[in-house]
Number of protein chains: 2
Amino acid sequence: MRDTSDGLPRYELHYWDGLQGRGEFIRLALEEAGADYVDVAREPASKHGGTQAMLAPIKDRHAAVIPFAPPFLKAGELIIPQTANALLYLGGKHGLAPSDEQGMYWAHSLQLTIADLVAEVHDTHHPIATHLYYEDQKPAAKQRTTAFLEARVPKFMGYFERVLEQNPAGEEWMVGARRTYVDLSTFQIIEGLNYAFPHAIAAMSGQWPKLESLRQRVRALPRIARYLDSPRRIPFNESGIFRHYPELDHRGSPTGAHKKEA
Amino acid sequence: MRDTSDGLPRYELHYWDGLQGRGEFIRLALEEAGADYVDVAREPASKHGGTQAMLAPIKDRHAAVIPFAPPFLKAGELIIPQTANALLYLGGKHGLAPSDEQGMYWAHSLQLTIADLVAEVHDTHHPIATHLYYEDQKPAAKQRTTAFLEARVPKFMGYFERVLEQNPAGEEWMVGARRTYVDLSTFQIIEGLNYAFPHAIAAMSGQWPKLESLRQRVRALPRIARYLDSPRRIPFNESGIFRHYPELDHRGSPTGAHKKEA
């Protein structure tokens, strides 16, 4: 799925090669949409691909729109930086989001909450500094991961379970009566948490049966199933957001009081 | 500015009383829009205000739309959780964002990058766990803050400076030729960083003259100036995102190589 009739790709995904990372949320939406797209960094240089081509819009000293970092989406001449923003765009164009105003903002807010969770997952292995190696911040990583597994995972996943439970259209999908990009992203975080912390999550996931059903439902979507079986799906690994460091994976017990959050 | 002609507030801001926090980005936009709004937690119980009223939509076991956490905006019956999402909504309704598609997504992406920065600021004082006190994670806070001031602040602020520099409509505003919510939010992060880390930021801010001009320009907007002088503007304090802990404030020197980020 690469070229449209005029020879130009409809979409360009700009993201690092070799990892799922934040780009994977956009990949899943593009795949479920059946969209024409190129994953720029993964294309050969002979086809104007590669990491330098992927980063070029960030380094452009004359562009009006400058992404801060990958991922970003190009839709023809349009540049859409930030994962949730790209999904907002794709959701509207490809029937991957509700079309009513409340539904659109509700879906986007869920994606932003997923983005918050993703940032916290990143910080389990990089609690001190993004530019230092994990090996240089291991004691803090252990502490942060313990707090994350004990307090944050139950809070986030309990919330998402409740979203399914309180969906007036039924418990099948997160928002409304049809699958949206929120379902794809929720699938991705469940997969990622299970990859990163298999023991800790196995001990907890009985508390979110509706999310486990959703996970199977998304996995069974024909286009998603084909994508997951394809070489386009990069396996989870220790360059991405969800990293499996066995020493961080443990069974937590809930902690006590929570302060209000700013 | 509270009641519309039918006696109902046009907007309800749901956020904690007593701190600026993430809610402040929405407050600034509501003020600049001259919008009718109530800051629910800050209203007396006799007017259906207070913290319990503010939190009620989060605790509602029957609602279709459930915010994960404050802040969220109510616009009549519409509920819009997440700061950047509320600004996306207000921007479109009140001329606080470009009306063209590229401008709208560009502005939103900048707000999302500001949200990423805000999360990193939060983690300077809470690097291990949100539910633990600062005092219980001080050594990690010192390390994280050092990395933040040396590597992240220059990266983010250098980026925002470049956004002004490369704006085809001129260096006056972040996006296009008019002030948008992005300018208000950028003002807020400059104010906040100066509050939290006065020495460290004073040593660096010469590197972002255009942002300093923007800061003065926003401060001089008549509605913003009136708001900042009013009791509605809560002073910065150590319950918010930007906290002044003198022991964290220092002059950093740039670090070396950066790894790619997932």
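If you're wondering where the values come from, they're calculated on a predicted model, not measured in any experiment. Just so we're on the same page: letters track the sequence lines, and every chain starts at 1.
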Check each atom of A:Ala119 against the heavy atoms of chain B and say whether the ones under 4.5 Å are side chain, backbone, both or neither. neither
Identify, with sequence neighbours excluded, every residue that meets salt bridge (charged side-chain N to carboxylate O under 4.0 Å, His left out) alongside A:Glu101. B:Lys93
Any chance you could lay out the ring pair (Phe, Tyr, Trp, His ring centres under 6.0 Å) test for A:Tyr134 and A:His125, step after step, and finish with the verdict? CA-CA 6 Å; A:Tyr134 163 64; A:His125 45 79; 7.2 Å; no
In terms of heavy-atom contacts, A:Val65 and A:Pro81 come closest through CG1-CG, 4.3 Å
For chain B, which of A:Pro67, A:Ala140, A:Pro71, A:Ala84 has the most heavy-atom pairs under 4.5 Å? A:Pro67
Indicate yes or no: does B:Arg162 engage B:Glu165 in a salt bridge with an N to O separation below 4.0 Å. no
Interface residue of largest heavy-atom contact number with chain B, from A:Arg61, A:Gln20, A:His62, under 4.5 Å: A:Arg61
Proximity breakdown for B:Phe156 and chain A, heavy-atom pairs closer than 4.5 Å: both
Okay, B:Pro139 and chain A: the region with an atom under 4.5 Å from a heavy atom over there is neither
Any residue meeting ring-ring contact (aromatic ring centres under 6.0 Å, His included) with A:Phe242, in chain and number order, not counting sequence neighbours: none
Per-residue contact mode, B:Tyr89 against chain A (heavy atom under 4.5 angstrom): both
So which residue, A:Phe148, A:Phe160, A:Phe72, A:Tyr159, ends up with the most heavy-atom pairs under 4.5 Å with chain B? A:Tyr159
When rounded to the nearest 0.5 angstrom, what distance separates CG in A:Leu110 from OG1 in A:Thr186? 7.0 Å
Most heavy-atom pairs under 4.5 Å with chain B, out of A:Ala63, A:Gly103, A:Pro168, belong to A:Ala63
Measure the NE2-CG distance between B:His131 and B:Asp136 for me, rounded to the nearest 0.5 Å. 10.0 Å
Keeping A:Asn237 on the side-chain end and A:Gly18 on the backbone end, is there a donor-acceptor pair under 3.5 Å? yes
Taking 4.0 angstrom as the limit, do B:Glu247 and B:Lys138 come out as a salt bridge? yes
Look at A:Leu88, A:Leu78, A:Thr145 and state which one has the largest set of heavy-atom pairs under 4.5 Å with chain B. A:Leu78
For each of A:Gln102, A:Glu120, A:His108, A:Gln137, tally heavy-atom pairs with chain B at distances under 4.5 Å, and name the one with the top tally. A:Gln102
If I measure from the heavy atoms of chain A, does B:Asp123 come under 4.5 Å with its side chain, its backbone, both, or neither? side chain
Check each atom of B:Asp60 against the heavy atoms of chain A and say whether the ones under 4.5 Å are side chain, backbone, both or neither. backbone
One option among B:Pro127, B:Ala147, B:Ala129 has the most heavy-atom pairs under 4.5 Å with chain A, and it is B:Pro127
